[in-house]
**Q** 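Take a look at this one; I'll ask things after.
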Amino acid sequence: MPSYRDYHRRSLADRDAFWREKAALIDWQTPFTSVLDYSRPPFAKWFVGGRTNLCHNAVDRHLAARADQAALVYLSTETGQESRYTYRELHAEVNRFAAVLKSLSVGHGDRVLVYMPMIPEAVFAMLACARIGAIHSVVFGGFAAASLATRIDDAKPKVMVTSDAGMRGGKAVPYKHLVDEACRLAQHPPHKVVICNRGLDPAMTKVAGRDLDYAELRAQHMNAQVPVEWLESSEPSYILYTSGTTGKPKGVQRDTGGYAVALATSMRDIFCVAPGETMFTTSDIGWVVGHSYIIYGPLINGSTTIMYEGLPIRPDPAIWWKIVADHNVKTMFSSPTAIRVLKKQDPAFMRKYDHSTLKYLFLAGEPLDEPTARWVSDSLGGVAIIDNYWQTESGWPILSAHLGVEETPRKFGSPSFAAAGYDVRLLHETTGEEVAAGEKGVLTIVPPLPPGCMTTVWGDDERFVKTYFGTFRDRPVYSTFDWATCDADGYYFVLGRTDDVINVAGHRLGTREIEEAVQAHAGIAEVAVVGVADSLKGQIPVAFAVVKDPARVATPEGIAAMRKEVMDTVDRELGAIGRPGAVHFVAMLPKTRSGKLLRRSIQALAEGRDPGDLTTIEDPGALEQIRAALAIRP
Ligand code: ATP
Ligand code: MG
């Protein structure tokens with residue numbers, strides 16, 4: 001076993017040999033002729049000339065050895081549905097869906113927009129697209145009609161796959177009328193809309209000639225055998241939009257061969273899941289984590305994946321641990337936001353079930369603050385908590401511990417080290433020089449980007465180059481637009497987004513650092529800190545906090561006392577320079593549907609400006625809370 005350092009060094013210094021070995025983790029119909037073509041920087045083509053297929057690798061190739069093993073276990077605490085598909089059954093369902101798509105004349109290179117709740121048919125649809133060489137564009141179910149329409153026009157899909165409704169917290173969330181509205185708004189609506197009818201919305205109406213019922217179509221293709229379309233490695237597999245935390249979402253285009261190899265590599269070296277073992281990722285198929293670690297990663301690896309429709313606290317806050325116990329889950333993947341939800345509940349739920357099979361809990365999507373990391377680590381005693389950092393753009397972790405390579409110690413607050421092929425450098429924002437250990441720099445990647453990363457912005461090569469490689473004039477490096485430091489031991493610490501830095505009387509502070517300091521107060525469940533323009537100091541930090549026990553801030557005296565405690569905590573943890581000019585208490589914070597804080601909108605409101613594009617917001621009521629809090633003087 002090499003050390004992590006040797007492993008990573010080799011992935012860069014002996015790049016071709018390293019990735020040639022990793023490429024053997026998947027099946028190729030035609031072998032590639034070269035590992036990398038980087039003749040047109042910054043566009044990287046991996047495994048040139050090789051032909052492969054994501055669906056073949058995720059499904060067909062496991063039929064020989066594990067046809068009767070569970071591939072997909074579906075659990076919904078919303079509808080009570082539970083189903084289990086072996087690889088053999090998954091293969092049959094994917095072939096049926098592929099035959100349906102083909103009957104609608106979807107072929108190689110055509111786009112299919114998938115706007116679906118968390119139901120197995122969504123997985124079948126995505127794998128069916130991959131099988132026939134069509135490009136899926138999954139749009140998070142429940143996005144408003146306007147957001148959906150923009151994505152329809154960007155991808156120009158031939159067919160859309162949807163459902164009558166999603167379910168959330170026990171209530172049906174009708175989708176179909178949003179689809180109809182989006183098709184009206186769009187310039188390039190799909191010709192056909194395939195509906196997987198769950199029977200949740202009796203009021204659903206159909207558009208004659210356009211809308212088709214999946215159950216009826218499926219019944220016509222029960223024994224379908226649809227041959228796999230072998231794609232050249234660089235051909236696109238899918239389009240997926242970034243979360244839209246910082247503005248207009250970008251359409252990330254993913255390749256085929258590089259993605260499969262990267263996922264296979266990460267399943268072993270990072271996520272430590274062997275074929276036959278079970279992974280439970282709590283994300284949604286509408287996000288990159290869902291694409292990579294609910295669907296493609298575990299299936300390409302021959303593992304069992306759990307797809308869960310439901311909240312982490314229904315029917316009670318122990319539901320995840322029940323799933324772990326019932327299905328012998330070895331590795332879980334979730335988000336810090338979700339863990340903070342559990343942190344507000346009775347800790348006894350964390351111990352209600354025997355979770356001894358669980359070895360790893362991976363968390364990504366937002367900074368994992370130290371108190372939350374410690375809390376979950378203590379509550380789940382014996383489970384390794386692994387912060388990992390990445391983006392929709394990268395498709396798989398950029399930074400993570402690699403316990404499948406070496407059992408390195410973790411440091412709270414750090415996603416450890418760079419993944420294979422990532423030449424990570426922290427650059428000074430103005431000089432572009434590498435910063436010293438402990439100094440803050442922009443987290444960048446020296447191209448070529450490794451396999452699995454975005455190959456371009458869908459339909460817009462120029463935007464890809466300008467957006468991601470245009471930050472440093474003399475250095476064409478990929479910018480993540482995140483700040484980080486690296487300590488003397490080589491551990492990275494992500495400090496937040498480059499536009500989340502505030503300037504207080506000439507001192508530059510990351511809002512994340514202040515949030516961490518506020519979170520050190522045991523009574524705080526969650527907090528957002530933004531910089532608000534101030535004529536004297538430039539900017540002052542303003543905090544919006546959610547307290548664990550709302551009774552503590554139910555009276556003006558309670559609010560004043562809590563506010564003082566929070567400020568004292570920041571003084572102690574960070575110093576008076578970081579002390580918020582105001583601390584507001586709210587019942588919830590505005591977040592994107594993928595659980596990320598919309599700091600920009602909060603900041604706009606705090607400065608009396610328009611909160612901007614809110615199409616990706618989870619609950620507009622949260623903004624009302626911010627408005628109301630601001631109306632009451634601190
Ligand atoms: P947009 O790019 O459209 O504004 P977004 O950046 O929120 O949206 P994603 O690709 O879903 O879209 O999120 C990636 C970002 O999430 C990272 O750039 C980083 O800011 C944050 N992030 C992800 N994982 C971590 C982590 N482990 N620690 C800190 N931040 C993280
Ligand atoms: Mg981003």
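Just so we're clear, the structure is a prediction, and the values are computed from it rather than from any experiment.
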**Q** Return the minimal non-hydrogen interatomic distance between P312 and I319, and the atom names on each side.
**A** O-CG2, 3.2 Å
**Q** One thing to verify: whether K176 and D180 come together as a salt bridge, which I'm taking to mean a side-chain N less than 4.0 angstrom from a carboxylate O.
**A** yes
**Q** Are the side chains of V501 and W483 in contact, using a 4.5 Å heavy-atom criterion?
**A** yes
**Q** Once you round to the nearest 0.5 Å, how far does NZ of K156 lie from OG of S137?
**A**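 So the NZ of K156 and the OG of S137 are separated by 12.0 Å.
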**Q** Between E393 and R254, is there a side-chain N and carboxylate O pair less than 4.0 Å apart?
**A**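 A salt bridge is absent here (no side-chain N lies under 4.0 Å from a carboxylate O).
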**Q** Looking only at the side chains, is there a donor atom on one of Y259 and S292 sitting less than 3.5 Å from an acceptor on the other?
**A** yes
**Q** If you apply the rule salt bridge (charged side-chain N to carboxylate O under 4.0 Å, His left out), what do you find for K564 with D568, and how did you get there?
**A** CA-CA 6 Å; K564 178 160 188 323; D568 290 348; 2.8 Å; yes
**Q** Is there a side-chain contact between T337 and L597 in this structure, where contact means two heavy atoms from C-beta onward sitting under 4.5 Å apart?
**A**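 The answer is no, as the side chains (C-beta and beyond) never meet within the 4.5 Å cut-off.
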**Q** I'd like to know if the side chain of Q345 and the backbone of V341 have a donor-acceptor N/O pair within less than 3.5 Å.
**A** yes
**Q** Compare all side-chain heavy atoms of Y422 with those of S394 and state whether any distance is below 4.5 angstrom.
**A** yes
**Q** Nearest heavy-atom pair of L342 and I313: which atoms, and what distance?
**A** CD2-CG2, 4.2 Å
**Q** What's the shortest heavy-atom distance between M454 and F464, and which atoms?
**A**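 Shortest heavy-atom separation between M454 and F464 comes out as CG-CE1, 3.6 Å.
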**Q** For P336 versus E366, what's the shortest heavy-atom pair and its separation?
**A**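 Closest approach of P336 to E366: CG-O, 3.4 Å.
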**Q** Measuring from L363:CG to T372:OG1, what's the distance to the nearest 0.5 Å?
**A** 9.5 Å
**Q** Side chain of D423, backbone of V446: donor and acceptor closer than 3.5 Å?
**A**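 Answer holds: no.
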**Q** Would you please classify the geometry between the F362 ring and the F271 ring as parallel, tilted or perpendicular, with 30° and 60° separating the classes?
**A**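 Answer is tilted, since the angle falls between 30° and 60°.
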**Q** Would you say the side-chain atoms of H188 pair up with the backbone N or O of I152, donor to acceptor, closer than 3.5 Å?
**A** no
**Q** Identify the two heavy atoms, one from A182 and one from A149, that lie closest to each other, and give their separation to 0.1 Å.
**A**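 For A182 and A149, the tightest heavy-atom pair comes out as O-CB, 3.7 Å.
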**Q** Determine yes or no for a side-chain-to-main-chain donor-acceptor pair under 3.5 angstrom, with R410 supplying the side chain and A401 the backbone.
**A** no
**Q** Are side-chain N/O atoms of S416 and S414 paired as donor and acceptor at under 3.5 Å?
**A**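 Absent: no donor and acceptor within the cut-off.
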**Q** Relative to F143, does R593 satisfy both conditions: NZ or CZ under 6.0 angstrom from the six-membered ring centre, and within 45 degrees of the ring's axis?
**A** no
**Q** Determine yes or no for a side-chain-to-main-chain donor-acceptor pair under 3.5 angstrom, with T456 supplying the side chain and W458 the backbone.
**A**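 Such a contact is absent between T456 side chain and W458 backbone.
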**Q** Between F417 and Y491, what is the ring plane arrangement, given parallel below 30°, perpendicular above 60°, and tilted in between?
**A**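 Aromatic pair F417/Y491 classed tilted.
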**Q** Using side-chain heavy atoms (C-beta onward) and a distance below 4.5 Å, is F481 in contact with L443?
**A** no
**Q** Are V530 and P541 packed together at the side-chain level, in the sense that at least one heavy-atom pair is separated by less than 4.5 angstrom?
**A**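 Answer no - side chains too far apart.
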**Q** Run through Y293, F140, W390 and flag the one making a ring pair (Phe, Tyr, Trp, His ring centres under 6.0 Å) with W287.
**A** F140
**Q** Taking the side chain from R512 and the backbone from G496, do they hold a donor-acceptor pair closer than 3.5 Å?
**A** no
**Q** For the CG atom of L399 and the CD1 atom of I270, what is their distance to the nearest 0.5 Å?
**A** 9.5 Å
**Q** Are the side chains of R552 and E565 in contact, using a 4.5 Å heavy-atom criterion?
**A** yes
**Q** Can you tell whether the side chains of K591 and E526 come within less than 4.0 Å, N to carboxylate O?
**A**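 Yes, charged N to carboxylate O under 4.0 Å.
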**Q** Taking the six-membered ring for Trp, are the ring centroids of Y492 and Y389 within less than 6.0 Å of each other?
**A** no
**Q** Between D487 and K411, is there a salt bridge with N-O shorter than 4.0 Å?
**A** yes
**Q** Which residue in the set L574, V566, V583 passes side chain to side chain contact (heavy atoms under 4.5 Å, CB included) when paired with V518?
**A** V566
**Q** Between atom CD1 of I285 and atom NE2 of H136, what is the distance when rounded to the nearest 0.5 Å?
**A**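 Nearest 0.5 Å value for the CD1-NE2 distance: 9.5 Å.
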**Q** Drop me the distance from C453's SG to I445's CD1, to the nearest 0.5 angstrom.
**A** 6.0 Å
**Q** Is there a ring-ring contact (aromatic ring centres under 6.0 Å, His included) between F333 and F280? Walk through the geometry before answering.
**A** CA-CA 6 Å; F333 192 150; F280 172 25; over 10 Å; no
**Q** Please test S334 against T282 for side chain to side chain donor-acceptor pair (under 3.5 Å), starting from the C-alpha separation and ending with a verdict.
**A** CA-CA 5 Å; S334 190; T282 69; 2.8 Å; yes
**Q** Side chain of S400, backbone of P397: donor and acceptor closer than 3.5 Å?
**A** no
**Q** Side chains of Y308 and W320: does their closest heavy-atom pair fall under 4.5 Å?
**A**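 Of all side-chain heavy-atom pairs linking W320 with Y308, at least one is under 4.5 Å.
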**Q** Side chain to side chain contact (heavy atoms under 4.5 Å, CB included) for Q539 and Q603? Distances and angles first, verdict last.
**A** CA-CA 11 Å; Q539 277 180 305; Q603 184 189 35; 3.7 Å; yes
**Q** Measure across L311 and G169 and return the closest heavy-atom pair with its distance rounded to 0.1 Å.
**A**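 Scanning both residues, the minimum pair turns out to be CD1-CA, 3.8 Å.
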**Q** Applying salt bridge (charged side-chain N to carboxylate O under 4.0 Å, His left out) to R599 and E515, what does each step give before you reach the verdict?
**A** CA-CA 12 Å; R599 284 201 193 73; E515 285 167 6; 2.8 Å; yes
**Q** Could you tell me whether the side chain of Q519 and the main chain of I524 form a donor-acceptor pair under 3.5 Å?
**A** no
**Q** Output the distance between atom CG (D460) and atom NZ (K466), rounded to the nearest 0.5 Å.
**A** 9.0 Å
**Q** Does the distance from a Lys or Arg side-chain N to an Asp or Glu carboxylate O, for E618 and R168, drop under 4.0 Å?
**A**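 Yes, charged N to carboxylate O under 4.0 Å.
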**Q** Relative to each other, are the rings of Y175 and Y115 parallel, tilted or perpendicular (30° and 60° limits)?
**A**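 Tilted: the ring planes of Y175 and Y115 meet at 30° to 60°.
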**Q** Does the side chain of V252 reach to within under 4.5 Å of the side chain of T242, using non-hydrogen atoms?
**A**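 Yes, side chains in contact.
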**Q** For residues 429-438, pull every pair meeting side chain to side chain donor-acceptor pair (under 3.5 Å), keeping only residues two or more places apart or in separate chains.
**A**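 Those involving residues 429-438 are R425-E434, H428-T430, H428-T431, E429-R508.
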**Q** May I ask you to decide if the ring planes of Y238 and H291 are parallel, tilted or perpendicular, using 30° and 60° as cut-offs?
**A**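 Ring orientation, 0 to 90° scale: tilted.
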**Q** Distance-only, no hydrogens or angles: does the Q625 side chain make a donor-acceptor pair with backbone N or O of A587 under 3.5 Å?
**A** yes
**Q** Please check: side-chain N/O of S379 versus main-chain N/O of W375, any donor-acceptor pairing under 3.5 Å?
**A** yes
